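Worksheet: the structure to be examined is printed underneath.
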Amino acid sequence: MTRPVPPRSVRLRRSVLSVPAINRRALEKIAGLDCDAVIFDLEDSVAPEKKAEARENLRSFFAAQPPPGQEGAGKERIIRINSLSSGFGADDLELVLALEPDAVLLPKIDEPQDVTVVSDRLGEADAPEDLRIWAMIETPRSILNAAAIAEAGRTPGSRLDCFVVGLNDLRKETGVLPQPGRAYLVPWLMQVVLAVSAYGLDAVDSVFNNFKDMQALDAECAEGRSMGFAGKMLIHPSQIDLANRHFGPNEAALAEAEAIIAAFADPAAAGLNVVNLGGRMVERLHLVQAERLVHKARLISERHRPSTGSG
Ligand SMILES: CC(C)(COP(=O)(O)OP(=O)(O)OC[C@H]1O[C@@H](n2cnc3c(N)ncnc32)[C@H](O)[C@@H]1OP(=O)(O)O)[C@@H](O)C(=O)NCCC(=O)NCCSC(=O)C[C@H](O)C(=O)O
Ligand SMILES: [Mg+2]
């Protein structure tokens, strides 16, 4: 018998901003930004001769982190390391063990073993159980193996939590051109969404490189949301608001969710699995979706509630 798939995470991952760990100015700006998560990048945005300096920047940054409840706290923190075969990955992983971010992001994953080897190393080093693993899905083999990689997240001791699609690498490897609507990429993107849905993980959509083109980003966020992604990886602060808007619950969806919750809370619905809501069939599965949405909205409003200073 297969183990039941755990319920999907309700963490906020609408806007996942990548910040090159070498860029001290950008690191300083994080506290004032309204993104849900930050990826501290040690990989492709840091030149080989700057990797050591970038690691030192992260040591200083994490040492100066505000305690929970203060401005700048509360964002999920993820460190993207270099691959273990690169010559930099081992030192990066040491840094992860020292800094204990929320997650380590593994680049250029090809197959389940690329995840399990890191899970095992974290376990051997007694890393806290809540130090999770995120995986970049950006190679042709990772698309082919998406389901198997996600399934590896169900093995006991696995820390796999989230996939992030990397279309720059995937386009480089496949020759697919960047086009509005991403027509030729949609089958692969949906394969990623299907894989995470089957195994209770989240998937974050790829970066959009042209950070001045808000109209195109708007369309791509709408597309990613419709596909089922939890959020978007971003490269520039100017992209945060659009991602938050598209991947967060809008007013109409929230009103509908509250109506569904109220309909099932009505004593008249006791013992019913399906109700008529203004001429539309609503089932208990919609109640689950509605509760997730309302929970997400609550997390967002809690994030924006001013701190009392008492933590
Ligand atoms: C793309 C950039 C190099 C542009 O930087 P810049 O020229 O400095 O832009 P601006 O002048 O418009 O910046 C305005 C201010 O905003 C700050 N800034 C810029 N980017 C960030 C950021 N990511 N986080 C925090 N703050 C940021 C600037 O410092 C300016 O501040 P101020 O001086 O006060 O005005 C740059 O945006 C950048 O480096 N972005 C991130 C690049 C990155 O992380 N790349 C790796 C991730 S992409 C990826 O993973 C691809 C994937 O693997 C795949 O295969 O697809
Ligand atoms: Mg990449």
Side-chain angles (χ1 to χ4, degrees), residues 13 15-48 50-51 53-55 57-58 61 64-65 71-72 75-86 88-89 92 101 103-110 114 134-143 146 149 162-179 182 184-185 188-189 192 203-214 216-217 220-221 224 229 231-244:
R13 289 171 177 159
S15 47
V16 181
L17 178 67
S18 176
V19 181
I22 195 61
N23 186 340
R24 281 195 284 270
R25 174 77 189 141
L27 289 170
E28 277 167 17
K29 304 208 77 150
I30 291 171
L33 298 176
D34 190 25
C35 51
D36 290 335
V38 175
I39 292 173
F40 300 91
D41 187 32
L42 289 168
E43 200 221 9
D44 281 349
S45 68
V46 180
K50 299 276 189 182
K51 301 283 187 194
E53 183 184 334
R55 284 186 213 109
N57 287 346
L58 290 192
F61 178 88
Q65 274 305 281
E71 192 194 4
K75 297 178 176 73
E76 201 168 7
R77 299 180 302 175
I78 303 101
I79 296 181
R80 182 164 80 171
I81 65 171
N82 292 277
S83 73
L84 293 183
S85 58
S86 68
F88 302 111
D92 293 347
V104 53
L105 174 57
L106 310 179
K108 300 178 182 65
I109 287 297
D110 275 329
D114 296 335
W134 289 24
M136 289 298 305
I137 301 297
E138 55 184 350
T139 69
R141 286 179 64 198
S142 69
I143 297 290
I149 297 168
C162 186
F163 281 179
V164 184
V165 178
L167 288 183
N168 285 294
D169 273 298
L170 199 56
R171 287 190 186 107
K172 167 178 162 263
E173 297 302 323
T174 59
V176 174
L177 298 176
Q179 284 173 336
R182 303 186 288 184
Y184 299 106
L185 295 165
W188 301 340
L189 293 169
V192 173
V204 172
D205 197 1
S206 177
V207 294
F208 178 72
N209 296 347
N210 189 350
F211 63 86
K212 301 262 185 214
D213 190 342
M214 290 301 148
L217 177 68
E220 203 168 284
C221 285
F229 283 101
K232 195 151 179 75
M233 184 175 176
L234 309 174
I235 51 161
H236 194 279
S238 63
Q239 299 181 317
I240 295 171
D241 282 350
L242 268 177
N244 282 348

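As the structure is a prediction and not an experimental result, all values here were calculated from the model. Each ligand, and each atom within it, is numbered from 1 in the order the structure gives.
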Evaluate the side chain to side chain contact (heavy atoms under 4.5 Å, CB included) criterion for residues V176 and L170: first the C-alpha distance (whole Å), next the side-chain angles of each, then the deciding distance (0.1 Å), finally the verdict.
-> CA-CA 8 Å; V176 174; L170 199 56; over 6 Å; no
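- For Y184, the ring pair (Phe, Tyr, Trp, His ring centres under 6.0 Å) criterion is met by no residue, not counting sequence neighbours.
- Under a 3.5 Å cut-off, the side chain of D92 and the backbone N or O of N82 do form a donor-acceptor pair.
- Atom CG in L27 sits 11.0 Å away from atom CZ in R25 (nearest 0.5 Å).
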Run through all N or O atoms in ligand 1 and write down each protein N or O closer than 3.5 Å, as a pair with its distance.
| unit_1 | atom_1 | unit_2 | atom_2 | d |
| --- | --- | --- | --- | --- |
| ligand 1 | 12 (O) | H236 | NE2 | 2.8 |
| ligand 1 | 13 (O) | H236 | NE2 | 3.3 |
| ligand 1 | 23 (N) | S18 | O | 2.9 |
| ligand 1 | 23 (N) | I235 | O | 2.9 |
| ligand 1 | 31 (O) | K29 | NZ | 3.2 |
| ligand 1 | 33 (O) | R25 | NE | 3.2 |
| ligand 1 | 34 (O) | R25 | NE | 3.1 |
| ligand 1 | 34 (O) | R25 | NH2 | 2.5 |
| ligand 1 | 34 (O) | K29 | NZ | 2.6 |
| ligand 1 | 37 (O) | I235 | O | 3.2 |
| ligand 1 | 40 (N) | I235 | O | 2.8 |
| ligand 1 | 44 (O) | S18 | OG | 2.5 |
| ligand 1 | 50 (O) | R80 | NH1 | 2.8 |
| ligand 1 | 50 (O) | R80 | NH2 | 3.2 |
| ligand 1 | 53 (O) | R80 | NH1 | 3.0 |
| ligand 1 | 53 (O) | E138 | OE1 | 3.1 |
| ligand 1 | 55 (O) | E138 | OE1 | 3.0 |
| ligand 1 | 55 (O) | D169 | N | 2.9 |
| ligand 1 | 55 (O) | D169 | OD2 | 3.0 |
| ligand 1 | 56 (O) | L167 | N | 3.2 |
| ligand 1 | 56 (O) | N168 | N | 2.8 |
| ligand 1 | 56 (O) | N168 | ND2 | 3.0 |

Please report the C-alpha distance between D41 and S18 in whole Å, then the side-chain angles of each, then the deciding distance to 0.1 Å, and finally whether the side-chain hydrogen bond (donor to acceptor under 3.5 Å, both in side chains) criterion is met.
-> CA-CA 6 Å; D41 187 32; S18 176; 4.7 Å; no
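- The tally of protein N/O/S atoms under 2.8 Å from the Mg ion (ligand 2) stands at 2.
- Side-chain atoms of K108 never come within 3.5 Å of backbone atoms of T139 as a donor-acceptor pair (strictly under, hydrogens ignored).
- Partners of F40 by ring pair (Phe, Tyr, Trp, His ring centres under 6.0 Å), not counting sequence neighbours, listed by chain and number: F61, F62.
- Salt bridge R24/E53: present, at least one basic N to carboxylate O contact under 4.0 Å.
- Using a cut-off of 4.0 Å between Lys/Arg side-chain N and Asp/Glu carboxylate O, D205 and R182 are scored as salt-bridged.
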